[in-house]
Student: 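Submitted below is the structure of interest, expressed as structure tokens.
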Amino acid sequence: MNKIIRQPYLFFFGLSIITFITAFIFGDKNLDIPIYDTYFVFPYKSFCQFSAVFYLMIAVNYFALNWIEKHPNKWLTITHLFLQILSLLLLITKDSWNWIGDNSLANYIPNNNANFLIFLSFFIFIISIFVHLVNFFTSLLLKRN
């Protein structure tokens, strides 16, 4: 675990490879987001490819810090890793959370909690981006090693 915290680029490089492979496995499936009378359809293949490139860019950022011998903040790195994993888990398990809250609309709206979980996953993902940027630039600009 300490190696992942000291060298988080290994984690994100591996995550990039996994999401790229996932793009081929789930390439024909779609992420459907029903909002009132409209369905927004996102292909998993495009989503996974975007995620793979994004994780690869994060890995390059952390590798650049390692290359110039600047270490990222330990707690910001842990927070970033935790938020990324939480965001992915919420998105992957979005259909399994229907037991939470009022299910009186379950007959009318399938997966009524899925929309909220997709929104929550996206919100956590955005927060993790800001944590990563703060971690990267503070590590880059501080004069300590």
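Starting from 1, each residue takes its place in the sequence as its number.
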Student: Rounded at 0.5 Å granularity, tell me how far CZ in Phe82 sits from CD in Gln84.
Tutor: 12.0 Å
Student: Measuring only between side-chain heavy atoms, which start at C-beta, is Ile68 closer than 4.5 Å to Leu140?
Tutor: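 Touching, per the 4.5 Å side-chain cut-off.
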Student: Give the minimum heavy-atom separation between Ile18 and Thr22, together with the two atoms involved.
Tutor: O-OG1, 2.6 Å
Student: Does any donor atom in the side chain of Asn73 or Ser139 lie under 3.5 Å from an acceptor atom in the other side chain?
Tutor: no
Student: What is the distance from atom OG1 of Thr79 to atom CG of Leu83, rounded to the nearest 0.5 Å?
Tutor: 6.5 Å
Student: Following the transitive rule for hydrophobic clusters with a side-chain heavy-atom cut-off under 4.5 Å over Ile, Leu, Val, Met, Phe, Trp and Tyr, establish whether Phe20 and Met57 coincide in one cluster.
Tutor: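 No; Met57 is not reachable from Phe20 via cluster members.
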Student: Side chains of Ile129 and Ile126: closer than 4.5 Å at any heavy-atom pair?
Tutor: yes
Student: Do Leu133 and Phe11 share a hydrophobic cluster, counting only Ile, Leu, Val, Met, Phe, Trp and Tyr and linking them when any side-chain heavy atoms are less than 4.5 Å apart?
Tutor: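 Yes, because Leu133 and Phe11 connect within a single hydrophobic cluster, where side-chain heavy atoms sit under 4.5 Å apart.
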Student: Establish, yes or no, whether a centroid distance under 6.0 Å links the rings of His132 and Phe137.
Tutor: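 No, they do not, as the ring centres are separated by 6.0 Å or more.
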Student: Could you check, using the six-membered ring where one of them is a Trp, whether Tyr62 and Tyr9 have ring centers closer than 6.0 angstrom?
Tutor: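 Tyr62 vs Tyr9: aromatic centres not under 6.0 Å.
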Student: Are any of the side-chain heavy atoms of Leu88 and Leu15 separated by less than 4.5 Å?
Tutor: yes
Student: Taking CZ in Phe125 as the centre, count heavy atoms belonging to other residues, nucleotides or ligands within less than 6.0 Å. Is the count above 12?
Tutor: yes
Student: Taking His80 as the fixed residue, which of Phe12, Phe130, Tyr55 is the one that meets the ring pair (Phe, Tyr, Trp, His ring centres under 6.0 Å) rule?
Tutor: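 Checked Phe12, Phe130, Tyr55 against His80; only one passes ring pair (Phe, Tyr, Trp, His ring centres under 6.0 Å): Phe12.
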Student: Checking side chain to side chain contact (heavy atoms under 4.5 Å, CB included) against Ser16, which of Leu56, Val53, Ile21 comes through?
Tutor: Leu56
Student: Val134 and Ile127: same hydrophobic cluster, using ILVMFWY side-chain contacts below 4.5 Å?
Tutor: yes
Student: Report whether Phe54 and Leu65 are members of the same hydrophobic cluster (ILVMFWY, side-chain heavy atoms less than 4.5 Å apart, transitive linking).
Tutor: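 Per the 4.5 Å side-chain linkage, Phe54 and Leu65 are co-clustered.
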Student: Is there side-chain contact between Phe136 and Leu76, with heavy atoms separated by less than 4.5 Å?
Tutor: no
Student: Is there a path of hydrophobic side-chain contacts, each under 4.5 Å between heavy atoms, that joins Phe63 and Leu81?
Tutor: yes
Student: At their closest point, which heavy atom of Ala23 faces which heavy atom of Lys45, and how far apart are they?
Tutor: O-CG, 3.7 Å
Student: Would you say the side chains of Thr19 and Ser51 form a donor-acceptor pair under 3.5 Å?
Tutor: no
Student: Looking at Leu90, is its backbone amide N or carbonyl O close enough to the side chain of Ser121 to form a donor-acceptor pair, meaning the two atoms are under 3.5 Å apart?
Tutor: no
Student: Is the CZ atom of Phe13 crowded by more than 12 outside heavy atoms at less than 6.0 Å?
Tutor: no
